[in-house]
Structures are given as structure tokens and as C-alpha cells.
Amino acid sequence: MIQSVVEVMQPLNLILVIIGTIFGMVCGSLPGLSSSMAIILVLPFTYSMEPVTGILLLIAVYVGGACGGSISAILLKTPGTPEAVATTFDGYPMAMKGDAGLALGLAVSASSFGTIFSAFVMLFTAPLLAVLALKFQSAEYFALGLVGLSCITSLGAKNQLKAIVSVILGLMFATIGIDPINGAERFTFGEPFLMNGINYIAVMIGAFAVAEVYKNVEELSHRDTSTITNAKVSLVLMKFKDMLKMWSTFLKSSIIGTIIGIIPAAGGSIASLIAYGEAVRSSKEPEEFGKGKPEGIIAPEASNNAAVGGSMVPTMVLGIPGSPTAAVIMAAFMILGLRPGPLLIRDQPLLLNSIFIGLIIASILLFVGGRFVTREFARILKLPYPMLGTLIVALGVVGAYSLQNSFYDVVIMFAFGFVGYFFHKFQYSSSAFILGLILGGIIENSLRKQIVIGNGTWTGFLNRPLALLILAIALITFMSPLITNLRRKAKSAFQN
């Protein structure tokens, strides 16, 4: 461990970790430039580096990118990365109250905590947790998707029926494209651009950011940003005593993020949604979520950054990427002459410890980088709203187009901007719609594969205790808010 500390603290390595963290935050804060894209942009610079140096740079970018998405999510209601979708639910309302600095401080504090937590888990339990990851097959992925889907009970607290309709629409749109099982075209209407399905990131930018611009244009009364623009937006970091008051949210969300990160291909998007749903479910004031509640920012940010360390477990120990971003890092391992797998831990203990220390340093640097990126990014809020709205749309166009260098994604973004606008107007849930769109493919493919494995029956689920356990958790999560509401109504009726 001491040798790893000395290695990481080399001036060049330390400088690269600082640069990587800030660069990741900048890329994460810009819609369309995900952590994967940021790492791909940096990857060519690592070819001539020592393995430890190159991996440290990429890990720092990964950590910064996972946190950076919250900046635009809070300030502009435009998630910079898919992992930051849930952060918009309470982050943006808090910013509109004039507490943008506090919201950003909550996000950075939670991101740092989640990263540090997952780093310790990765260091001490990597081989054991890698064995757990191998137990996940189609049945477990289906059950996990249902746990994520159970978040609709939280997202649709005001109108459960409309939230259910929204998520069903999202699930339906997720079926567009080539059937992954038999290769048949579904709902493409002969249009080649629909064969690959609808990119949920383009939909997300449209339904959240562009829809917000549409809403302001229609109302002809621009939102009041004087509380933000008259002051310098900067981080308001949480005090330790305040963190202790919400320790359960920090801890539960970090555990959820680490576990979901360990599961191959699950990623921070699912982790943040599940953590947010659990925060609402376990809260004594669930009705306050969506209005700027601190726990609504802490939960998704702690979980999506915890997924960073979690995703490195199967990547290093099994050679199976724990997320799309981890897949890019795994490719970097091979380019640098390292072969991920069981032998990597045995032959390269210095690398494992260096990654652990790099995660810790990057999480601490989030505070420094967060102040810099936030201050510069928040300058755009001083613009008059007509210019700000135009800038939001322009960022959305760039972000949507950069996904696949396709103009069709821009068209989809604008189209779903109208969908999000009408959803807001008639009190449907854009968040539930995005949830269904993200999880639809995972749920459908996993279910169909498991039925094939079970020879056309559902008995395969009965033979997998882990899947049954996760299904039970999903059922409890679905029913918990409904039961709570029934109890409140019964108690109110009894008192009257």
C-alpha cells in the first residue's frame, strides 16, 4: 500500500489526476458528452504512459464525469449524463428557490462520499463481490429491472395512474427497432433510422430541457432567476453535522450504487433511479420529494458515483465491464498491456491499490474542481432568459447530434420536447416515461431470454433464489407507498 501511495503521489500522476477530474466534470456537465465520451477523448494521450499513470488519468475522468452531470441537471434541468436524470427531480426545484449553491454542494458531497465508499468496498472485497456478479443471469437482470421500475411509485406521487400510463408509454417506445432475439423489425415503419431504436439520451434532453424552454415560451413570463443571477453561484458544502443527520441516505444510496455497479452492464443510471426510489419510500415526508428536498439530490449522486468503484470490480477481477464506461477503461487496460481478469489482482497488486488511492484523491478533488466548473458554468445564468433558452436548445442540439453524428437524433430531441411539454401541461410524468424507456430493453430482453432458458415456462425463476429475493424487493417497493397512503387515509378517517 505504501508503495502505491508513493506511486500515485508522483508529481506527474497527481497533476494528471487533477486534470482528469476537472476535465471529466466539464464533459459531464455538457449534454451528450458522457463519461464514456470523455474517456475516449483522453484515451489517445495514455498510449505512451506507464500503465499506472494512464489508468489513474482515466479513473479520474470517470469520477469527474459521474459527478459533472449534476451541474447542468441542477442549473438547467438538463442532465449532462444519463446518471444525472434523477438529480433533476429535486436539484432543479432547489435551484429555482435560489439555493443553487446548496444543491450543487449536496451533489458534490454525495458524489465524494459515494466514490470513497465504493473505493473501500473495491479494495477489501473485490474477489468476493466478483463471485456475486457472476450469479447474475437473465432472471436476476429482469428482477433488477423491475426494482428500477418500481420507482414510479415515487415519481408519480401526485397521480399514480398518470405515472403508470407514462411508464407504459416509455416501455412501448423501448420496443422500437430491431428485435434483439429474432432480428425482426418492430414499429420502424420502413424508416432506417428507427432500426437502432430511439436513443434515450436524445429523448431525455428533449423531454427535460427543450420542454422547459417550450413551457417558458408559451407562458411568456420568464422564470425568476434573480435569486441566482444577483449572486455568485458557488458550492455550499455540507457540514459534517448535517451529513450525520442524513447518514442513512448517504449509506443506503452508496450501498445500492456499489452493488448495482458490480453487476455487469447495469451502470449508474439504474443505480441512481433505484436509490432515489428507496429514498422516497423510506422518507417520513415522501410528498416533499420533487420540490427541492436534499435527500432527493444526495440519493442519486451518492449512488451513481458509488457505481464507479463498483463497476471496476468485475472489470478488473473478471474481465467483464461493469458499465459502458468501464468497458472503455477495460479496452485501455489492454492497450496498456494489462489483461483484466483473475490473474490481474495476483500479478498487479500495485495497480489495484493505485486505483483505490486514485479514486480517493479524485473524490476529494471534486470539491476543488466543483468550485471551478460550477463558477464558470453558472455564468450563463446571468443571461436574459431568451438568450439562456436559446443556449439550452443549442447545447441540446450539439449533445443530441454528437451521440451518433445523426441529424435524426436532433429531430427526436425536438419531437420529445413537445412530448415533455404536453406531459407537463396535462400532469403526466416525463420522469416515469424516461424510466420506462431506459429499463424497457433490459426488462424485455432478460424476460424473454429466461423464458427461452426455461423452455417456454416461468419455472426458471423459481429455481433461482437470488432472482426471487430481488423480485420480492421489487414487490415491496411497488406496494410500500400504496400501503402507506391507505394507512394515512384510514387514520384520517378514523380521527374524523
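All of these numbers come straight from a predicted model, not from anything done at the bench. No hydrogens, no waters, no symmetry mates; every other heavy atom, side chains included, goes into these values.
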*Asks:* For Lys252 and Ser282, does a side-chain donor sit closer than 3.5 Å to a side-chain acceptor?
*Replies:*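 Judged by distance alone, the side chains do pair up.
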*Asks:* Nearest heavy-atom pair of Gly440 and Ala174: which atoms, and what distance?
*Replies:*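 For Gly440 and Ala174, the tightest heavy-atom pair comes out as CA-CB, 3.8 Å.
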*Asks:* How long is the straight-line distance from CD of Glu444 back to CG of Leu171, given to the nearest 0.5 Å?
*Replies:*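 If we round to the nearest 0.5 Å, Leu171:CG and Glu444:CD are 9.5 Å apart.
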*Asks:* I'd like to check Thr46 versus Leu58 (side-chain heavy atoms, cut-off strictly below 4.5 Å). Are they in contact?
*Replies:*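 Sidechains of Leu58 and Thr46: in contact.
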*Asks:* Using ring pair (Phe, Tyr, Trp, His ring centres under 6.0 Å), reason through Phe423 and Phe433 one step at a time and then give a plain yes or no.
*Replies:* CA-CA 9 Å; Phe423 268 35; Phe433 177 84; 5.8 Å; yes
*Asks:* Side chains of Phe142 and Ile470, heavy atoms from C-beta outward: is any pair under 4.5 Å?
*Replies:*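 Side chain of Phe142 against side chain of Ile470, heavy atoms only: no contact under 4.5 Å found.
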*Asks:* In Å, rounded to the nearest 0.5 Å, how long is the span from OG1 of Thr87 to CD1 of Ile71?
*Replies:* 11.0 Å
*Asks:* With no hydrogens and no angle check, is any side-chain donor or acceptor of Ser311 less than 3.5 Å from a backbone partner on Val308?
*Replies:*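 Yes, the answer is positive, given that a donor and an acceptor are paired below the 3.5 Å cut-off.
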*Asks:* With the side chain counted from C-beta on, respond yes when Leu366 and Thr21 share a heavy-atom pair under 4.5 Å apart, and no when they do not.
*Replies:*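 A side-chain contact exists here, since the closest heavy-atom pair is under 4.5 Å.
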*Asks:* Before you tell me yes or no, could you show the steps for Val121 and Thr258 under side-chain contact (heavy atoms from CB on, under 4.5 Å), namely the whole-Å CA-CA distance, both residues' side-chain angles and the distance that decides it to 0.1 Å?
*Replies:* CA-CA 8 Å; Val121 171; Thr258 303; 3.7 Å; yes
*Asks:* Look at the aromatic rings of Phe89 and Tyr276 and report parallel, tilted or perpendicular, splitting at 30° and 60°.
*Replies:*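 It falls in the perpendicular class, over 60°.
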*Asks:* Taking atom CG of Leu57 and atom CG of Leu12, what is their separation to the nearest 0.5 Å?
*Replies:* 9.5 Å
*Asks:* Show the numbers, then the answer: is there a ring pair (Phe, Tyr, Trp, His ring centres under 6.0 Å) between Phe173 and Phe416?
*Replies:* CA-CA 12 Å; Phe173 273 92; Phe416 279 93; 5.5 Å; yes
*Asks:* Go through it in stages, so that I can follow the logic: the residues are Val280 and Lys293, the test is side-chain contact (heavy atoms from CB on, under 4.5 Å), and I'd like the CA-CA distance, side-chain angles, deciding distance and then a yes or no.
*Replies:* CA-CA 10 Å; Val280 178; Lys293 192 168 179 62; over 6 Å; no
*Asks:* Quick one: does Leu56's side chain get under 4.5 Å of Leu14's, heavy atoms only?
*Replies:*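 The answer is no; the side chains never approach within 4.5 Å.
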*Asks:* Do you know the tightest heavy-atom contact between Cys67 and Asn305?
*Replies:*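 Cys67 and Asn305 have their closest heavy atoms at N-OD1, 3.6 Å.
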*Asks:* Can you confirm whether or not the ring centre of Phe356 sits under 6.0 Å from the ring centre of Phe120?
*Replies:*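 When the ring centroids of Phe356 and Phe120 are compared, they turn out to be within the sub-6.0 Å range.
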*Asks:* Is there a side-chain contact between Tyr214 and Phe414 in this structure, where contact means two heavy atoms from C-beta onward sitting under 4.5 Å apart?
*Replies:* yes
*Asks:* Looking at every non-hydrogen atom in both residues, tell me the closest pair between Ile256 and Ala275 and how far apart they are.
*Replies:*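 Between these two residues, the closest heavy atoms are CD1-CA, 4.0 Å.
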*Asks:* Quick check: do Asn199 and Ile412 have side-chain heavy atoms less than 4.5 Å from each other?
*Replies:* no
*Asks:* Could you walk me through whether Tyr421 and Val210 pass the side-chain contact (heavy atoms from CB on, under 4.5 Å) test, one step at a time?
*Replies:* CA-CA 8 Å; Tyr421 162 76; Val210 179; over 6 Å; no
*Asks:* Is any side-chain heavy atom of Ser112 closer than 4.5 Å to one of Ile364?
*Replies:*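 The answer is no; the side chains never approach within 4.5 Å.
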*Asks:* Report yes if the side chains of Met94 and Pro294 come closer than 4.5 Å at any heavy-atom pair, otherwise no.
*Replies:*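 They are in side-chain contact.
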*Asks:* Take Val108 and Leu104 through the test side-chain contact (heavy atoms from CB on, under 4.5 Å) and record every step on the way to the result.
*Replies:* CA-CA 6 Å; Val108 169; Leu104 292 165; 5.5 Å; no
*Asks:* Mind checking the OH-CD1 spacing from Tyr92 to Ile74? Nearest 0.5 Å is all I need.
*Replies:*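 Reported to 0.5 Å precision, the distance equals 12.5 Å.
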*Asks:* Spell out, as yes or no, whether a donor-acceptor pair under 3.5 Å connects the side chain of Ser166 to the backbone of Ser429.
*Replies:* yes
*Asks:* Mind listing the closest non-hydrogen atom pair of Gly114 and Ser254 along with its distance?
*Replies:*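 Where Gly114 meets Ser254 most closely, the heavy atoms are CA-OG, 3.6 Å.
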*Asks:* So, does Asn445 use its side chain to make a donor-acceptor pair with the main chain of Gly441 at under 3.5 Å?
*Replies:*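 The answer is yes, because a donor-acceptor pair under 3.5 Å joins these two groups.
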*Asks:* To the closest 0.5 Å, what do you measure between CD1 (Ile270) and CD1 (Ile260)?
*Replies:*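 Between atom CD1 of Ile270 and atom CD1 of Ile260 there are 7.0 Å.
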*Asks:* So, taking the atom named CD1 in Ile164 and the one named CG in Leu169, what distance separates them when rounded to the nearest 0.5 Å?
*Replies:* 12.0 Å
*Asks:* For residues Asn304 and Ala66, report the shortest heavy-atom separation together with the two atoms involved.
*Replies:*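 So the minimum-distance heavy-atom pair works out to OD1-O, 3.7 Å.
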*Asks:* Which pair of non-hydrogen atoms, one from Lys291 and one from Lys97, has the smallest distance, and what is that distance?
*Replies:* O-NZ, 2.5 Å
*Asks:* Should the pair Lys162 and Tyr428 be classed as cation-pi, given the thresholds of under 6.0 Å to the six-membered ring centre and 45° from the axis?
*Replies:* yes
*Asks:* Establish, from distance only, whether the side-chain atoms of Ser283 and Glu295 form a donor-acceptor pair under 3.5 Å.
*Replies:*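 There is no such pair between these side chains.
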*Asks:* Is there a side chain to side chain donor-acceptor pair (under 3.5 Å) between Ser253 and Glu278? Walk through the geometry before answering.
*Replies:* CA-CA 8 Å; Ser253 302; Glu278 170 55 27; over 6 Å; no
*Asks:* Do Glu301 and Ser111 pair up side chain to side chain, a donor and an acceptor below 3.5 Å, judged on atom types alone?
*Replies:*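 A donor-acceptor contact under 3.5 Å links the two side chains.
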